[in-house]
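A short write-up of the structure that comes next.
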Amino acid sequence: MKKVKTNALRILDQKHIDYQTREYNYDEDHLSGEHIVGQIDLSEDEIYKTLVLKYKEGYLVCCIPVMAEIDLKKLAKESGHKSVEMLHQKDLLGLTGYIRGGCSPIGMKKLFPTYFQEDILLLEKVAVSAGKRGLQVILKPDDLISSVQGKCVDVIRRE
């Protein structure tokens, strides 16, 4: 079987960053991150979803644990903007080069300011989309953060 190489994986190779990949089953009706939990051998805290948001002058990316909910007010404050909102799904491919369910923070058409939920720093490894539906890339949080010049902040809703 031929190994799949996505933009995200090519970039990690170029930067000499170690990673593993895991495939999982998906279908059009089950593209949420929750669907991945239980299909790859990581806990839900170690699987992060990639969200693309817009603000008045541009775009930003935020990666949070797959089962967490983003707090838009916290992210706006942490990113220095009055407000941020989720990018409409129809605009995702044109802006990032990725489709819903296969959006990776690594290898977008342009490097956008990228924020990670700070809990990522407590992990030994983290999984994010490898840039295609059904494929996750697992790597060290520091390698992921540095590969996109990311910043760690607290941006999730807490009970």
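Numbering starts at 1 and runs along the sequence shown. A quick note: this is a predicted structure, and the numbers were derived from the prediction, not measured.
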**Asked** Is it true that I145 and V155 fall in one hydrophobic cluster, defined by side-chain heavy atoms closer than 4.5 Å?
**Response** no
**Message:** When you measure from the side chain of K74 to the backbone of I156, do you find a donor-acceptor pair of N or O atoms at a distance under 3.5 Å?
**Reply:** yes
**Message:** For L72, is there any backbone N or O sitting under 3.5 Å from a side-chain donor or acceptor partner on R157?
**Reply:** no
**Prompt:** To the nearest 0.5 Å, how far apart are NZ in K15 and CG in D13?
**Reply:** 12.0 Å
**Prompt:** In the single-linkage hydrophobic clustering (I, L, V, M, F, W, Y; side-chain heavy atoms under 4.5 Å), do Y48 and L51 co-cluster?
**Reply:** no
**Check against side chain to side chain contact (heavy atoms under 4.5 Å, CB included), E118 and E78** = CA-CA 12 Å; E118 63 190 10; E78 289 290 355; over 6 Å; no
**Prompt:** Going only through I, L, V, M, F, W and Y residues with side-chain contacts under 4.5 Å, is there a path from M86 to L92?
**Reply:** no
**Message:** Please enumerate all residues that pass side chain to side chain contact (heavy atoms under 4.5 Å, CB included) together with I40, with sequence neighbours excluded.
**Reply:** R22, Y24, I36, L42, I47, A127, Q136
**Asked** Under 6.0 Å from the NZ atom of K77, do we count more than 12 heavy atoms belonging to anything else shown?
**Response** no
**Message:** Please determine whether salt bridge (Lys or Arg N to Asp or Glu O under 4.0 Å) holds for the pair K54 and D91, giving the CA-CA distance in whole Å, both sets of side-chain angles, and the decisive distance to 0.1 Å.
**Reply:** CA-CA 11 Å; K54 62 182 184 175; D91 300 326; 5.3 Å; no
**Request:** Walk me through it: do Y19 and D143 pass the test side chain to side chain contact (heavy atoms under 4.5 Å, CB included)?
**Result:** CA-CA 9 Å; Y19 64 86; D143 288 341; over 6 Å; no
**Request:** Following the transitive rule for hydrophobic clusters with a side-chain heavy-atom cut-off under 4.5 Å over Ile, Leu, Val, Met, Phe, Trp and Tyr, establish whether V137 and I17 coincide in one cluster.
**Result:** yes
**Request:** Measure the CG-CD1 distance between L75 and I70 for me, rounded to the nearest 0.5 Å.
**Result:** 4.5 Å
**Request:** List in chain and number order the residues that pass side chain to side chain contact (heavy atoms under 4.5 Å, CB included) with K151, two or more places apart in sequence or in another chain; answer none if no residue qualifies.
**Result:** Y115, V153
**Item:** Student check: side-chain heavy atoms of F116 and L144 closer than 4.5 Å
**Value:** yes
**Request:** Start with the C-alpha distance between N7 and I106, add both sets of side-chain angles, then the distance that settles side chain to side chain contact (heavy atoms under 4.5 Å, CB included), and finish with yes or no.
**Result:** CA-CA 8 Å; N7 254 2; I106 307 161; over 6 Å; no
**Prompt:** Rounded to the nearest 0.5 Å, how far apart are NZ of K5 and CG of L12?
**Reply:** 8.5 Å
**Minimum-distance pair of heavy atoms, taken over all atoms of M108 and T50** = CE-CG2, 4.0 Å
**Flag side-chain contact, heavy atom, 4.5 Å: D142 against L121** = yes
**Request:** Specify the closest pair of heavy atoms between C152 and I120, including all atoms of both residues, with the distance to one decimal.
**Result:** SG-CG2, 3.9 Å
**Request:** For Y55, enumerate each residue passing the ring-ring contact (aromatic ring centres under 6.0 Å, His included) test, keeping only those at least two apart in sequence or located in another chain.
**Result:** H81
**Message:** Please report the interatomic distance NZ(K125) to NZ(K140), rounded to the nearest 0.5 Å.
**Reply:** 12.0 Å
**Request:** Would you confirm whether Q89, through its side chain, and R100, through its main-chain N or O, come within 3.5 Å as a donor-acceptor pair?
**Result:** no
**Prompt:** How about D41: does its CG atom have over 12 heavy atoms from other parts shown lying under 6.0 Å from it?
**Reply:** yes
**Asked** What about I11 and L135, same hydrophobic cluster or not, with Ile/Leu/Val/Met/Phe/Trp/Tyr joined at side-chain heavy-atom distances under 4.5 Å?
**Response** yes
**Asked** Do you know the tightest heavy-atom contact between V148 and P105?
**Response** CG1-O, 3.2 Å
**Complete:** Separation between NZ (K49) and OG (S129), nearest 0.5 Å, reads 13.5 Å
**Item:** Nearest heavy-atom neighbours spanning A8 and S104
**Value:** CB-OG, 3.7 Å
**Prompt:** Can you tell me how far OG1 of T114 sits from CD of Q149, rounded to the nearest 0.5 angstrom?
**Reply:** 8.5 Å
